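Basis for what follows: all heavy atoms, side chains included, without hydrogens, waters or symmetry-related copies. Chain letters run A, B, ... following the sequence lines, proteins first, then strands; residues in each count from 1. If you're wondering where the values come from, they're calculated on a predicted model, not measured in any experiment.
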Amino acid sequence: MTETRPTQPTEAADTAQPVLAVSDLTVSFPSEAGEVQAVRGVSYAVRPGEVLGIVGESGSGKSVSSMAVLGLLPESAEVTGSVKLAGRELLGLGDAAMSKIRGKDIGMVFQDPLSALTPVYTVGNQIIEALQVHQSLDKAAARKRAVELLDVVGIPDPKRRVDAFPHEFSGGMRQRAMIAMAIANDPKVIIADEPTTALDVTIQAQVLEVLKTAQEVTGAAIVMITHDLGVIAGFADRVQVMYAGRPVEAGPVDEVYYRPRMPYTIGLLGSIPRLDEARAEGTARRALTPIDGNPPKMVDPAPGCPFAPRCPIAVDQCHTDEPELTVAEGAEPPQALDSVRAGETPLTACHRAHEIGAGLDRDAVYPVPVLPEAGAIERLPRAERATVLELDGLVKHFPLTKGAIVKRTVGTVRAVDGISFDIREGETLGLVGESGCGKTTTLLEILDLPSGQAGTVTVFGKDIRGLNRADRKGLRRDMQIVFQDPMAALDARMPIGDILAEPLKTHGWDKARIAARIPELLDMVGLEPEHADRYPQEFSGGQRQRISIARALALEPKLVILDEPVSALDVSIQAGILNLLDELKTRLGLSYLFVAHDLSVVRHIADRIAVMYLGRIVELGAADDVFAAPSHPYTQALLSAVPLPDPRKERERSRILLSGDLPSPADVPSGCRFAGRCPKYSELGDSDQARCREEDPAAAVLGPDHTAACHFAAAVDVVESAVAH
Amino acid sequence: MGRYLLRRLANYLVLVVVAAALTYFLAGLSLNPRAKFEGRNPPLPASSITKTLDEYNMNPDTPILSRFGHWAEDVVHGDLGKTIEGDDVNDDFGRRVGVSTRLLLLATIVGSLGGIAVGAYGAIRQYRLFDRFSTLASFFVLAMPVFVIGVALKIGATALNDGSQTIKVLGEYDPQYAGQWNFDALVNRAQHMLLPALTLIIMQVALYSRYQRSTMLDVLGSDFLRTARAKGLRRRKALVKHGLRTAILPVVPLLVYNIVLLFTGATFTEKTFGWHGMGELLVDSIQKQDVNSVATVGLFTAVLVLIAGLLSDLLYAALDPRVRVR
Amino acid sequence: MSVQLPPATEPAPGPIPPGEADGRTAKARTSRLRLTVRRFARNRLALFGLFLLVLLFLGAYGGPFLTKWDYQQHDFLNFLSSPSGDHWWGTTQGGVDLFALTMRGLQKSLIIGLLVGVLSTFLSATVGAFAAYFGGWTDRVLMWIVDLLLVMPSFLIVAVLSPSFRGSTWLVFVVLLGAFSWMITGRVVRSMTFTLKDREFVKAAKYMGVPAPVIIFRHILPSMASMLIIDTVIQVGAAVIGESSLSYFGFGVQAPDVSLGTVIADNTTNASTYPWLFFFPAGCLVLIGLSISFVGDGLRDALDPNAAGAKARSHRKKSGKKQQPKRAPSATAAAVPAQTPDAQETAS
């Protein structure tokens, strides 16, 4: 199942005429606060067989612009500019004319595959409908074609699956069905709007592969919209970076990634934690460079460059004139106009673009934050530190119920099926795994302090089973949580001061002490003491997450459980939070249990890492060891599926693609639970395969602090493989 | 899934029994059938009143538990007891269910289809003239108790008739057509049906259209509708085939509940227009201190709730593949 | 029609950059209320409803002082007289001044409606939230009671029990009406609580060690405040209609008390010949219902601006401008956000 990405781009593309050309597109909506200028002048062109990536954070207008191309915006939206499909102007066409183009010449893949399919019709019917709208096919022929399409996008057993309803498909399969629908009529252009954002990383790798196949089958151009710089790096030929409704940098991938000239792009690339982060033995981790501030409001934007308030190198001119997107000066001589049109010349919207890369060092644009020196505890060898949390053989099974009308138990969900790990003082354990692997259940089992089904949970040396009420409350003081979604984690009806006071009140602090503590906490997470009077909705996502962290630290806990603390944040904000967590850990001597699905983030922050698959920990060890020498085939697949924001490495990397979806924890295979999807399994001999099928592998010790639950554990370097070989 | 349906049914049955029993206790303790006889002219001797009351199982001096036991035993055997006039409740009940059915059949079909159509169209044309008008009209209707609509229609019809008898305001048919089903009798029935059916239709269209409008509005912003149009479906077709089909789902249980419960709930319409249906019995039996009839209405209503619950579950499962148990 | 708006507008009161904040703290506290009031105020139908409701209350309690007639006083010179300068709304068969009588009935109908609305919302909120939060047997028992009350024919029960509050206070009637009108909302509260229970701010409180009843009253119920407020308003309307319906048949408010239902019932026999006897009291009844619907609808849009209706309403501004450029400010304009100078402040 190991495949190599085909080399690109196609030479023919250079001469072909653009199939889709967008110029000066603007979109504005009326809103309560005033006119929202969602898109302010977007231009791009794609030629057949070419992939254009549009990257931007939430609110940058990237999705709205694609909806405008399809003519699917609400009537209240005002759209100007030009959208030409093979030379034909689309803006201003009526619903009848646009309907002939939608789904035929332009295929569309949306982000959330669950809500994007009509729940009451079968997947097959919805594909057949797409076919019959544009082609005169009889029912039987359309059905046959639908089965073929499902086969093309890699749905196993398509003849049977064609009659399944969307809710019977997994997320990855739904997205494949969406792609099948998008390519049903051999479109000239496929617009994919965050097609993999809702998916797990291994499924994302599969779906990207399917998109590639779809493109090869149809020869279509792809416009790929995403917030993930990694996804685009290996997939796109050209990239356009959007900020505040405008492209701020555009050009071939290599140009944009290796020679960015817009400070925003530079900041974005510097703020992403990377899987291939070099980290020599004993040195402190690299501090990420966060972009301060927040994206601007799209209502009544201030004059000047929209990025100026956040830009570390802004000059006076930036606050008065908005820079045009022009040929980047300095690095290359001005090119012919055709070449600019074709997108081969990098374009930048920055007044100081000519200095960057010439007189101004890219790495010096953003000040690198200083992380504190490792504290006394952190310098101690692991064995000498006290154990903060220990899980031994923890099990959590749920009864599986079925039916919305009549609930009945039909089996057991083995959400957590015997896991063990420990966390020492001053240490961060990263618990990673894809959705459904049981990491959230594990976390709740620790937090709920239940008497448990099997296995023991020991917190600060106390087995939670023997605790009375007061002890439990005491434990709650020492163990705090930070949740994923900072919007949801704070009660919108309480001012920040009350939110921070709640844990203190609950644990009996008096008024004077609470009043003194709140400004202290706000200061600790980089907020102003005056903020105590404001309500959560007056803060941005990153600020709210800071408040969450402050609340968790209010009672001076020893262990903080972080449940996906940065995954709801834009990358430019995420970096600041990660740096803050790093700093607080050292300053306050905290231990973290850091639960996440994003391996790059975990790579950045964790000292040790535990990889979960289907209720078990399959690999556990010091982060450096696990990342440098992943030894369980699942860990290897997981790591190889993570896209790197580095086009050259991405193109040269070989990716281990897993087949199928994560099995249901209600139906756990016997023997090794990964065997059914294991790439290594298929290479083994018969007797070895039998061993995998029958014998549940125990954790094999691979190093002083590195175990993997595989009979044939062997290290493979999947991150830097191409470079190393 | 049969076993689970059965368990659900059993749960419902327990509720029905408890509800019916409670209704009987309340009626038996609160109503005073003796007063009904004591008011007679010429006065009846106390002993004969007691005798009649005992015969009808309505004597307030008999302990309520013993009366209930008696009644429950009869009910199990299919006998609902005697009315306070001495007739069989069974006969009266059968007749009244027929009357209510004839009144409700047409009115509920027109009412629900009309409500769905008005609501869905209003959502699509949100804040346009049609939507504004239908919203305002349904607010107006929903602000009125049914008897107000009924009486207002009656006053209106009297004015329209202007002395003639084209629109009949009382009863199901004129006495001379009793038992007949020829053309003239049907016309006469239609003349009688017009106002009460109109009352029910107005109420239902107003109510259902509000629900349909709001579910339709939810669906209008949905991703799957966007997908349908991205496939190349015209706006109208996408709205009907994908939008309305999905938006109707949450309205179905509500519709079923309302329609089924109208069998005893059309009280005001039946009272206002003099139709002798189940709804009328609800009021009349209490005013007549007719314990057995009150208990029958209570039992019947509880059974209707049970039927409505099962029916809406089944219908929902039939329409929404997500809840189908396979 | 079917696209997500850019999230640029999402956090309505957007982030205030630190530093720019001085002197605005007090305002920030009230901004939520002010925002709601402003949203409500630009919905003309809702304002009209509020105005109507205030007028009805003023009429009900102030009206009797304006007329020389008392609702219990019989004018033996005027039976069934039509509206005149002396008897503004005419007189009944017994010669009672209809205006005085209707205003008296209006008082009772309004106060019963209010009390029932508050009582039933309180019941539904408490029962629903506790059932869902504790789950297990608490939930099963409470939901069984809800099911039972739903199966019981409420109209019949209240009617059957009406003799028991004949002669005693009408407050018993209020309690009965309230006891049979909370179940559906109780279920809604329960299902909302199930969702809220898994919300992170509730879990956060739980993992801090905050006791369950405190969590329910501090975090869960306030989170659905807008729904509960709207529900109270709707329940008030429903209670007014329910009260008048029961009273119409003599099962509700008992003499010597009068409510709109009894006033209409007493005069319904003469309604065809002397229509004012029907139209004045019935009109008052309809006005209560109508004004409450308008207020409820306006509150929903004001409190819950993310509801589909409210969102689309703001979209209309532009298309309204485009399609009807010179239309007079009519009902259409009611939905158009006011262009006040401080409209921009909604965002800060």
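Of the atoms belonging to Asp563(A), not a single heavy atom falls under 4.5 Å from chain C. Only the side chain of Arg551(A) comes within less than 4.5 Å of a heavy atom of chain C; its backbone N, CA, C and O stay farther away. Using a 4.5 Å cut-off between heavy atoms, Leu447(A) contacts chain C through both its backbone and its side chain.
The two residues Ile54(A) and Lys62(A) make their nearest non-hydrogen contact at CG2-CB, 3.9 Å. The two atoms that bring Leu25(A) and Ala68(A) nearest to each other are CD2-CB, 4.0 Å, heavy atoms only.
Judged by distance alone, with hydrogens and angles left aside, the side-chain atoms of Asn468(A) form a donor-acceptor pair with the main-chain N or O of Ala470(A) at under 3.5 Å. A donor-acceptor pair is defined here as one N or O able to donate and one able to accept, closer than 3.5 Å; no such pair exists between the side chain of Gln37(A) and the backbone of Gly245(A).
Surrounding CZ of Phe194(C) are more than 12 heavy atoms belonging to other residues, nucleotides or ligands, all under 6.0 Å away. Residue Phe51(C) places its CZ atom among 12 or fewer non-hydrogen atoms of other residues, nucleotides or ligands, all under 6.0 Å distant.
Under the 3.5 Å distance criterion, with hydrogens and angles disregarded, a donor-acceptor pair is assigned to the side chains of Gln484(A) and Ser567(A).
In terms of heavy-atom pairs under 4.5 Å with chain C, the best-connected choice from Ile481(A), Val482(A), Asp448(A) is Asp448(A). Highest contact tally toward chain C, considering only Glu502(A), Lys473(A), Lys505(A), is held by Glu502(A) [criterion: heavy-atom pairs under 4.5 Å]. Your options are Pro309(A), Pro486(A), Ala488(A), and the one with the most heavy-atom pairs under 4.5 Å with chain C is Ala488(A).
Interface with chain A: from residues 195-211 of chain C, residues Arg199(C), Glu200(C), Phe201(C), Lys203(C), Ala204(C), Ala205(C), Lys206(C), Tyr207(C), Met208(C), Gly209(C), Val210(C) qualify, criterion being any non-hydrogen pair under 4.5 Å.
Between Ile229(C) and Thr121(C), the closest side-chain pair of non-hydrogen atoms is not below 4.5 Å.
Salt bridge absent: Arg140(C) and Asp147(C) never bring a charged side-chain N and a carboxylate O closer than 4.0 Å.
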